[in-house]
Amino acid sequence: MSTGRDRIFRMPPRVRFAPSPTGYLHVGGARTALFNWLYARRHGGTFILRIEDTDVERSSADMISGILSSMTWLGLTWDEGPGVGGPHAPYFQTERLDKYRAAAARLVESGAAYYCYCRPEDLAAKRAAAEAAGSAWMYDRTCVVLSPEEVAAREGAREPRAVRFFVPAGGTTFTDLVRGHIAFAREHIEDFVILRSDGYPTYHLSVVVDDVEMEITQVVRGDDHISNTPKQVLLYEAMGATIPDFAHVPLILGPDKKRLSKRHGATSVGEYETQDYLPEAMINFLALLGWSPGGNQEVFSREELVERFTLDGISGGNAVFNSEKLDWFNQQHIMRLPADDILRRLTPAITAAGLWRDSFFTTDADWIGKVIELLKPRARKLGDIVPALAPFVADIVVYDEAAVTKHLKVAGVAAHLSAWLQVVEGLPSLEPAATEAALRVLAAARGIKPGVLIHATRVAVVGQSVSPGLFEVLDLVGRDRVAERLRAYAS
RNA sequence: GUCCCCAUCGUCCAGAGGCCUAGGACGUGGCCCUUUCAAGGCCAAGACCCGGGUUCGAAUCCCGGUGGGGACGCCA
């Protein structure tokens, strides 16, 4: 049998992300998708998206479009799958049912599987009884001993039946790229159903049939699939197919170390999109949850992650989702975004706020770029920049009452501002260093601390007691606007 | 209950027998910068789950225990 290692060097990998559209794209799923995507991109391979919608009861079209949209938002583009097609189309399992049925029939034919006429209610009762007795239930093989005549009779009577895989005696081992060898004794594996009585395949069958047909070379998926793997290995063997490599990645937990769920807060990628996180921050954060490139660098661009990604950098233990660190990554990525990029991303929001000017991309590009640079390190979310733009680009100043009371409605301040206004009007421009020097000279002349003028000016000009460095702000707001706003509070 | 996986600061990771007096990041506390708020810089507190082995030497290897997680569906 050829090992995965050989395969890596022989041909580009083909990996897939195969979500079930029974819910939104969960951050855990997103990370699994990311690892697959990084692996494919790193090795010049193919990243396939396949929708496992065989649970027709719980799957929905809305969930499918939600998942696709979250994948797109994260930038996890797929080479084969919904919308783009590919050599193994279709990529929706419900459109591939004939393949699973044919595979099940072949397995029955070869004796690797058999028809099971047990009724679900009876099985449930047996399971409940075993559970009550405190022991684990495994299918008791009632139907494996049926004679060919009886099977023929029941088939003729069109009795509902499922197809079960016959688990042979022995042991099953497989190599996991993250954990090494894993062994299961087959007495712990029951004869599992591969085709339901309604003709739909179960996960085990469809996943193996598709992974074989789509020539998947590495199966990178969640840890929760590790106990499914021996069953699937058995299926590969029975089908005479090449077994892919497996890499099971640890789960993402909530702060209480329980599997991450809604009660821990936002768990779907869509919620983070709504909350205005940068997709590159999400990618960076998720990549480092359970994987390490080695070294001390923490902030990575998508390209840098692709360059460094290796499966053996994945750690074995589960990871707790730490949203404070996500916030930090978000801020780090905001600070690394060029101003023109920020402007482009924020165009709709700025427009909606009534602050847009077409000159931002032309004659005012330089100026607005400086404004954004000033606002950048203070934004925790990209959208924080939008309201902060108002005092610069418009005459909209929202005055914070507490700030006004504290810094402007103070005895003597109006007179000081009046003097300062005269100075400002006499200045050729508000170049920061010169403006600051002028303010300090004035403060000294009037026998007050520079801070009195600085704080009063800040509140008068931006309406808040916090802002970027005052003199940079004044320069970018412009002398006329600054003078106008000072005048409102001068005596 | 049975099987499987995992185990380093509160959290995410580094560490693949001596480089460990265990390193980085988030968070926390302090200081610096300073006109505010951020950003940035510096400092501090903070961990190898326990017990046995193996070895001259173990965070690193082995065994056991404990703890956590996962799986035991005609869900995926």
Side-chain angles (χ1 to χ4, degrees), chain A residues 18-23 52-55 57-59 93 116 118-120 123-124 127 130-131 133-138 160-164 176 178-179 182-185 187-190 192-204 206-207 222-230 248 250-251 253 255 257-259 285 288-299 312-313 315-329 331-332 335 374-380 403 407 436 439-440 449-455 457-459 464-471:
Chain A
S20 173
T22 54
E52 309 216 326
D53 53 354
T54 55
D55 183 349
E57 293 292 307
R58 297 191 300 147
S59 296
Q93 291 191 325
C116 172
C118 293
R119 303 186 329 163
L123 258 17
R127 202 180 337 264
E131 204 168 304
S135 58
W137 157 262
M138 282 197 358
R161 45 77 174 156
V163 177
R164 279 187 192 271
D176 187 287
V178 174
R179 301 160 200 288
I182 298 177
F184 283 83
E187 51 265 34
H188 295 120
I189 306 172
E190 73 172 346
F192 52 99
V193 171
I194 57 176
L195 195 72
R196 298 186 270 220
S197 52
D198 62 4
Y200 278 79
T202 62
Y203 167 67
H204 298 298
S206 58
V207 78
D223 219 341
D224 47 342
H225 285 296
I226 192 155
S227 55
N228 290 328
T229 308
H248 288 98
L251 266 20
L253 310 178
K257 305 277 183 111
K258 300 291 182 197
R259 197 171 179 161
F285 172 65
L288 263 36
L289 249 198
W291 172 75
S292 168
N296 287 335
Q297 187 179 340
E298 300 266 342
V299 181
D312 48 52
S315 50
N318 292 338
V320 172
F321 190 90
N322 179 220
S323 52
E324 284 175 329
K325 193 151 188 182
L326 204 210
D327 288 341
W328 179 78
F329 275 116
Q331 192 180 17
Q332 293 298 313
M335 288 196 288
L374 226 43
L375 265 15
K376 247 164 61 168
R378 291 163 179 82
R380 306 211 72 88
H407 298 292
E436 177 166 6
L439 180 141
R440 289 183 186 278
K449 287 182 172 179
V452 174
L453 275 178
I454 287 170
H455 293 302
T457 303
R458 170 178 292 112
V459 178
Q464 312 290 314
S465 58
V466 299
S467 82
L470 181 66
F471 301 102

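Hydrogens, waters and symmetry mates play no part in the numbers below; they use all other heavy atoms, side chains included.
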Sequence neighbours left out, what passes side-chain hydrogen bond (donor to acceptor under 3.5 Å, both in side chains) with A:Asn322? Give chain and number order. none
With a 4.0 Å cut-off on heavy atoms, is A:Thr54 in touch with a base, just the backbone sugar-phosphate, or nothing at all? sugar-phosphate
Under the side-chain hydrogen bond (donor to acceptor under 3.5 Å, both in side chains) rule, collect the residues that match up with A:Ser206, sequence neighbours excluded. A:Gln93
Applying the 3.5 Å cut-off to both distances, the Watson-Crick or G-U partner of B:G23 turns out to be B:C13
Listed partners of A:Ala130 passing side-chain contact (heavy atoms from CB on, under 4.5 Å), at least two apart: A:Ser135, A:Trp137
Partners of A:Arg378 by salt bridge (charged side-chain N to carboxylate O under 4.0 Å, His left out), sequence neighbours excluded? none
Output all residues satisfying ring pair (Phe, Tyr, Trp, His ring centres under 6.0 Å) with A:Phe285, sequence neighbours left out; order by chain, then residue number. A:Phe321
Salt bridge (charged side-chain N to carboxylate O under 4.0 Å, His left out) with A:Arg380: which residues, sequence neighbours excluded? none
Between A:Trp328 and A:Val299, is any pair of side-chain heavy atoms under 4.5 Å apart? yes
B:G57 -> Watson-Crick or G-U wobble partner, both distances under 3.5 Å, gives none
Tell me every residue that passes salt bridge (charged side-chain N to carboxylate O under 4.0 Å, His left out) with A:Glu190, counting only those two or more places apart in sequence or in another chain. none
side-chain hydrogen bond (donor to acceptor under 3.5 Å, both in side chains) filter on A:Tyr203, not counting sequence neighbours, yields A:Arg221, A:His225
Applying a 4.0 Å non-hydrogen cut-off, can you work out what A:Ser206 is touching in the nucleic acid: base, sugar-phosphate, or nothing? nothing
Just checking A:Pro21: base, sugar-phosphate only, or nothing, at a heavy-atom cut-off of under 4.0 Å? nothing
At under 4.0 Å between heavy atoms, which parts of nucleotides 26-45 of chain B does protein reach? Answer with one letter per nucleotide, 5' to 3': B base, S sugar-phosphate only, - none. SS-------BBBBSS-----
The Watson-Crick or G-U wobble partner of B:C33, with both key distances under 3.5 Å, is none
Pull out every protein N or O sitting under 3.5 Å from an N or O of nucleotides 16-21 of chain B, one pair per line with the distance.
none

For a quick check, with a 4.0 angstrom heavy-atom cut-off, what is the B/S/- contact string for nucleotides 64-74 of chain B, read 5' to 3'? -----SSS-SB
Salt bridge (charged side-chain N to carboxylate O under 4.0 Å, His left out) with A:Asp176: which residues, sequence neighbours excluded? none
Would you call A:Asp223 and A:Arg179 a salt bridge, using N to O less than 4.0 angstrom? yes
